[in-house]
Amino acid sequence: MTDSQTAAERIAQLRSELDDHNYRYYVLDEPSVPDAEYDRLFRELKALETEHPELITPESPTQRVGSKALSAVLPRPNVAFAPVRHLIPMLSLDNAFDEQAMLEFDRRVREGLAEELPPGDLFGNGPEVEYSCELKLDGLAVSLLYENGFLVRGATRGDGSVGEDITANVRTVRSIPLRLRGDGWPASLEVRGEVYMPKVEFERLNAEAIAEGGKTFANPRNAAAGSIRQLDPSVTEMRRLSFFTYGVGFAEGDLPGTQLDRLALLRSWGFPLNRELKKAVGVQACLAYYQDIAIKRDELPYEIDGVVFKVNRIDFQLELGFRAREPRWAIAHKFPAREELTELLDVEFQVGRTGAVTPVARLKPVQVAGVTVSNATLHNMDEVARLGLMIGDTVIIRRAGDVIPQVMQVVAERRPDDARPVDIPTQCPVCGSQVERTQLVKRSKGKESVSEGAIYRCVGRLFCQAQLKQAIIHFVSRRAMDIDGLGDKIVEQLVDKGLVKSPADLYTLIYDQIIELEGFAEVSTRNLLGSIANSRKPSLARFVFALGIPDVGEETAKLLARSLGKLDRIQEALPEVLTYLPDVGAEVAYEIHNFFEDEHNCKVIAELRDPQHGVLLQDEGDVSAELAACATLDGMLVKLNITSIGPTSARKLVAKLDSLDKIIAADGIDLRQVLSSKQADAVREFFKVEANRKLAREIEAQLLEFGMHWNSARKSVEGLPLAGQTWVLTGTLERMSRDIAKARLESLGAKVSNSVSTKTHCVVAGESAGSKLAKAHELNVAVMDEEQLVKLLADHGIGA
Ligand code: IVH
């Protein structure tokens, strides 16, 4: 028995420690231990309880979701929710939508308390009332009943008189105490508050639903309500709901005389209070609180739809009493709503820079959060399908913060009989060219597989006025060709008047054409011609960025320029060769390749560079040393995606057969000397296919043409400055990604490893480096910062 006694003691100690940590985390907002420590204590308790099931109690932190062992003690999983009659009705709040309504509320309160309040001063300033200022959380109201300090029942508000028993579900909400802390609590205490879903949780839940093709929730309130009414409490638990308390419903015995003192007492018993809670004296202070919170609204980790003001003194509350179902002593000062219902009048299609045809909702204008909304983004046709949207539908529109309004949901019950489906046009609404669904091309295991993408594209390219305008706007932008004085409106005029049909036409514009444009006079015309002329000498990187290749941003453009050195090489590069570049994946590689396969694109590029248009790239040069060093034969074998051939087997193969020709010619016996028979067969099968041989030879030819030597990895490393050294990268680098830093170090012959040991030559420590840096100090390994790395690379001719 002594054994069991010590177990009982340890269990009690663990429970109290876990409760303490919970209290610090949820109520005091000051986590005391890392999550890992909490989890360790939790696991220890769980293990002890498994060993001693007789010691399990419903209040144990392990028992938030009822376990089998306890089904007799704990509420059973819900079959349906039993009705609960509230001891005291759960009321609602009157709303104020503007300052005027707030001033009237305060006036009514002061009138109602005329006999209680001291007289006003000689200047006619009335006495001021003290209010408790609270957030109006956008969740759902719950009532929590504690008997002798234990949570015995949780209920929804329902119709205010009768709610639903959701005990098993509220128990899963970690910030709701199962057992009260401290002492002095009434034997019977009913606490009220709001269960809500934090914004991050809401976004995670919806993202998951989208990924699984399921239904999303329109807002965190619906998500919270849907989660608390789950029949299976373990589902509720996974939704990570939270709770803030805002008052007492019923209490046996006396409580403090003000709302704020009562809330403070509830906090000491373990209930989380919102940290924005404040006291205000007089209505002006209330209005200031409202403004304060309005500014903070977007930064709060949960949704609120307003603030609540309550007369602080309870005796005053009793004096004021109720009107119908609302207290005269409280009011909700609401923020403009973020969601509204409106009608989907039509879906139009917009054409973007890269030809993507995207659906845009045209809505019956509606005020949302203080702004008239008549359009909303629909992203792509997959989203239209997911929403099940039809023209004529009533939809929920949401506009949060500065984000573009979004269609959240269709109100299915309101679909009219004449609702029409949303069809993607077969022809571009701007230029009439064909619209095609994008295909995702993947080459894997020597085969090409094609799947349908979510994007539709107009094939009109620069013949399409919409694409042309966007392409020119991008081409002239500051980070691209940087043509000053060529704003969007001017580009539109140039395109509409037919003066510019491709970026090349910018360089043949003449004075007489420009001065004709709206808003141009002599000086501005000369200035524009000047900036066009000045843009004729871009760097290769700027030029590549300016071309507007889908998925090629500034960084990728710089990388292409630095690695391949010449525009011709970038134009000709095979997708497989492009994927040798760090950070270029197969999809981006295909986009780049496809862009340059397009005849019209090549024609525009050729025109730009001909003497008449005169664009001269400033800094063309050689293939970079880093690319040359990582373009190895074994690397190529890996890129060919031959079944069961990974980096290790490719390296073994190349060590034995050091040219593509030898590998192609090799028979099973040769191959099996270094590969398993399965791998050997795969290599033979692969190169039996004519198209595969051709592709491999093309890649090889291209790499050689780009000035790379085909020696195996080891040979090319010998003689490099960092050959034989192992480096480690840690922390965040500012000037280059870790991938790039790695590729650069490797191009100098270094091996880049993940862990620090006595064999490590040097550790590069970026921002907020942690344990690896500590380890380096401990082992006396050399450390350098990013600046020193950049300098080292520069000393070896590798620029940032
Ligand atoms: S007090 C008698 N305080 O608003 C007063 N309610 O329209 C009853 N709510 O159902 C409520 N935050 O879900 C109060 N700080 C707060 C609140 C709050 C949100 C909700 C609650 C209630 C509704 C009243």
Side-chain angles (χ1 to χ4, degrees), residues 84 86-97 101 105 109 112 131-144 154-164 166 170 173 175-176 190-198 219-229 241-251 255 258-260 262-264 266-267 271-280 286 289-290 293 296-297 300-314 316-335 337-338:
V84 170
H86 297 298
L87 298 166
I88 293 174
M90 290 183 80
L91 302 166
S92 53
L93 289 166
D94 191 11
N95 292 320
F97 291 99
F105 163 74
V109 166
Y131 293 101
S132 152
C133 308
E134 304 170 17
L135 299 189
K136 187 164 192 305
L137 270 114
D138 207 2
L140 71 151
V142 295
S143 141
L144 304 171
T156 62
R157 175 169 179 262
D159 65 4
S161 307
V162 178
E164 287 176 314
I166 48 161
V170 295
V173 178
S175 46
I176 293 181
E190 187 217 348
V191 172
R192 290 175 180 181
E194 198 85 350
V195 164
Y196 65 94
M197 182 176 283
N219 53 48
R221 174 173 26 98
N222 291 2
S227 303
I228 205 82
R229 294 191 76 265
L241 297 170
S242 234
F243 175 78
F244 281 127
T245 184
Y246 55 65
V248 175
F250 167 83
L255 287 176
T258 67
Q259 161 77 356
L260 287 166
R262 287 184 173 191
L263 290 179
L266 288 178
R267 184 175 197 248
F271 293 98
L273 277 194
N274 191 280
R275 59 154 80 200
E276 307 298 338
L277 182 69
K278 268 210 176 81
K279 178 162 86 179
C286 291
Y289 179 79
Y290 173 88
I293 300 294
K296 277 193 193 162
R297 186 181 184 190
L300 296 173
Y302 38 75
E303 284 283 344
I304 55 173
D305 57 348
V307 291
V308 179
F309 300 109
K310 297 173 185 164
V311 170
N312 193 27
R313 274 175 61 167
I314 306 292
F316 285 1
Q317 291 185 1
L318 293 171
E319 176 71 25
L320 288 162
F322 297 87
R323 185 189 63 198
R325 306 191 56 75
E326 290 149 8
R328 287 208 187 86
W329 44 265
I331 195 154
H333 191 183
K334 301 282 278 274
F335 292 130
R338 298 190 141 169

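Both counts, for ligands and for their atoms, begin at 1 and track the order of listing. The figures here come from the full heavy-atom set of this structure, side chains too, leaving out hydrogens, waters and symmetry mates.
By the 4.5 Å heavy-atom criterion applied to side chains, His333 and Cys286 are not counted as neighbours. Leu260 places a side-chain heavy atom less than 4.5 Å from the side chain of Leu277. Inter-residue side-chain proximity for Leu273 and Phe244 is flagged as unmet; no heavy-atom pair is nearer than 4.5 Å.
In this structure, Asn95 falls outside the shell of residues with a heavy atom less than 4.0 angstrom from ligand 1. Residue contact annotation: Glu326 has no non-hydrogen atom under 4.0 Å from ligand 1. Heavy atoms of Pro327 approach ligand 1 to within less than 4.0 angstrom.
The pair Asp94-Arg323 meets the salt-bridge criterion, since a charged nitrogen lies less than 4.0 angstrom from a carboxylate oxygen. A salt bridge is absent between Glu276 and Lys278; no separation between the charged side-chain nitrogens and carboxylate oxygens falls under 4.0 Å. Between Arg221 and Glu303, none of the side-chain N atoms (NZ, or NE/NH1/NH2) sits under 4.0 Å from a carboxylate O, so this pair counts as no salt bridge.
With no hydrogens or angles considered, a side-chain donor-acceptor pair links Glu134 and Gln259 at under 3.5 Å.
The residue among Arg325, Arg192, Glu194 with a heavy atom at the shortest distance from atom 20 (C) of ligand 1 is Glu194. Selection from Tyr246, Phe309, Phe244 by nearest heavy atom to atom 17 (C) of ligand 1 gives Tyr246.
Residue Met90 does not touch ligand 1, judged by heavy-atom distances below 4.0 Å. The backbone of Leu135, and not its side chain, has at least one atom closer than 4.0 Å to an atom of ligand 1 (non-hydrogen atoms only; backbone = N, CA, C, O). Only the side chain of Glu134 comes within contact range of ligand 1, with a heavy atom under 4.0 Å; no backbone atom does.
The protein atom (non-hydrogen) at minimum distance from atom 23 (C) of ligand 1 is Lys136 NZ, 4.0 Å. From the protein, the heavy atom lying nearest to atom 8 (C) of ligand 1 is Leu91 O, 3.7 Å. Shortest contact from atom 5 (C) of ligand 1 to any protein heavy atom: Leu93 CD2, 3.7 Å. Scanning all protein heavy atoms for the shortest distance to atom 3 (N) of ligand 1 gives Lys310 NZ, 3.0 Å.
To the nearest 0.5 Å, atoms OH (Tyr196) and OH (Tyr302) are separated by 6.5 Å.
Counting all heavy atoms, side chain and backbone alike, Val311 lies closest to Gln317 at O-NE2, 2.8 Å.
Atom numbering of ligand 1 starts at 1 in the shown order; those under 4.0 Å from a heavy atom of Leu137 are 12 (N), 19 (C). Every atom of ligand 1 is numbered from 1 in the order shown, and the set under 4.0 Å from a heavy atom of Arg157 is 10 (O).
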